[in-house]
Amino acid sequence: MSMAELQQEVADLKVKAQKAEQMGMINEFAVHERKMLLAQAYLLSPDDFHAEEKYQINDSEDVFLIDYLNGVFAWGYRNANSGKEAVPISLLGRRIT
C-alpha cells in the first residue's frame with residue numbers, strides 16, 4: 001500500500017473503532033484498534049528504532065527493551081520480563097535514556 005492508502009486505512013479504522021465503541025461492541029473496537037496500530041507501524045521507519053535501547057510503550061508505564069527489529073515489529077522484553085515478545089513499532093513512544 002502507498003503512504004496515502006495507509007493513511008486512509010488508518011482514518012477508516014479510526015471511524016469504525018469509534019462507532020463500535022459508541023455501540024458498546026468492545027471486542028470489535030479492540031480489533032479495529034489493533035488493525036489501526038499495525039497500519040500505523042507501516043507509516044513509521046524502522047530505522048528510527050534501535051536494538052539495545054529502551055522505549056516507553058504508548059499510553060502505559062511499561063518500558064520495552066528492543067532486542068532486534070524484524071520489519072515493523074520490535075522484538076524484545078517488556079519491563080525486563082524473561083519472555084521475549086513482539087510489538088509493532090507504532091506502539092513504542094519516546095526513547096528512554
Side-chain angles (χ1 to χ4, degrees):
M1 295 178 101
S2 70
M3 293 297 259
E5 290 172 325
L6 282 169
Q7 290 169 340
Q8 184 61 51
E9 183 68 15
V10 169
D12 292 344
L13 288 167
K14 187 173 185 173
V15 169
K16 288 178 182 179
Q18 288 171 341
K19 286 180 182 177
E21 185 177 35
Q22 289 171 353
M23 295 175 66
M25 298 174 9
I26 304 304
N27 290 338
E28 188 172 332
F29 168 77
V31 168
H32 293 308
E33 191 175 58
R34 287 293 177 185
K35 285 182 176 182
M36 191 169 51
L37 275 173
L38 190 53
Q40 288 171 334
Y42 283 95
L43 292 171
L44 300 173
S45 172
D47 294 333
D48 294 338
F49 300 88
H50 306 284
E52 304 304 321
E53 290 187 356
K54 295 179 183 179
Y55 293 84
Q56 184 79 36
I57 294 182
N58 291 336
D59 301 328
S60 173
E61 295 295 319
D62 293 344
V63 174
F64 192 82
L65 173 63
I66 296 177
D67 188 30
Y68 65 93
L69 291 151
N70 186 0
V72 296
F73 283 90
W75 286 81
Y77 304 93
R78 185 185 305 241
N79 295 331
N81 286 341
S82 59
K84 188 180 285 190
E85 65 180 291
V87 299
I89 58 176
S90 58
L91 198 59
L92 301 177
R94 65 178 176 82
R95 188 177 65 174
I96 298 173
T97 55

Qualifying salt bridge (Lys or Arg N to Asp or Glu O under 4.0 Å) pairs, either residue in residues 72-81, two or more places apart | D62-R78, R78-E85
Residue pairs, two or more places apart or on separate chains, that pass salt bridge (Lys or Arg N to Asp or Glu O under 4.0 Å) and touch residues 37-57 = E53-R95
Using a 3.5 Å cut-off and no angle test, enumerate the donor-acceptor pairs between side-chain atoms of residues 28-35 and protein atoms at least two apart in sequence or in another chain.
residue: E28; atom: OE2; partner: H32; partner atom: NE2; Å: 3.3

Can you name the residues that form a ring pair (Phe, Tyr, Trp, His ring centres under 6.0 Å) with F73, not counting sequence neighbours?
-> none
Answer yes if [X] and [Y] sit in the same cluster of Ile, Leu, Val, Met, Phe, Trp and Tyr residues linked by side chain heavy atoms under 4.5 Å apart, and no otherwise.
X: V15; Y: M25; answer: no
X: L69; Y: V63; answer: no
X: L65; Y: W75; answer: no

Which atom names give the shortest non-hydrogen contact between [X] and [Y], and what distance separates them?
X: L13; Y: M36; value: CD1-N, 3.7 Å
X: M1; Y: E9; value: CE-CB, 4.4 Å
X: V10; Y: A39; value: CG2-CB, 3.7 Å
X: A41; Y: P88; value: CB-CB, 4.0 Å

By side chain to side chain donor-acceptor pair (under 3.5 Å) - contacts of Q8 (at least two apart) = D12
If you look only at pairs with a residue in residues 40-65, which of them pass as a ring-ring contact (aromatic ring centres under 6.0 Å, His included), with sequence neighbours excluded?
-> F49-Y55
Minimum side-chain heavy-atom gap L92-L44 below 4.5 Å = no
CG (L38) and CD1 (I89) are apart, to the nearest 0.5 Å, by 10.0 Å
Could you state the interatomic distance from CZ (R94) to CG (N58), rounded to the nearest 0.5 Å?
-> 10.5 Å
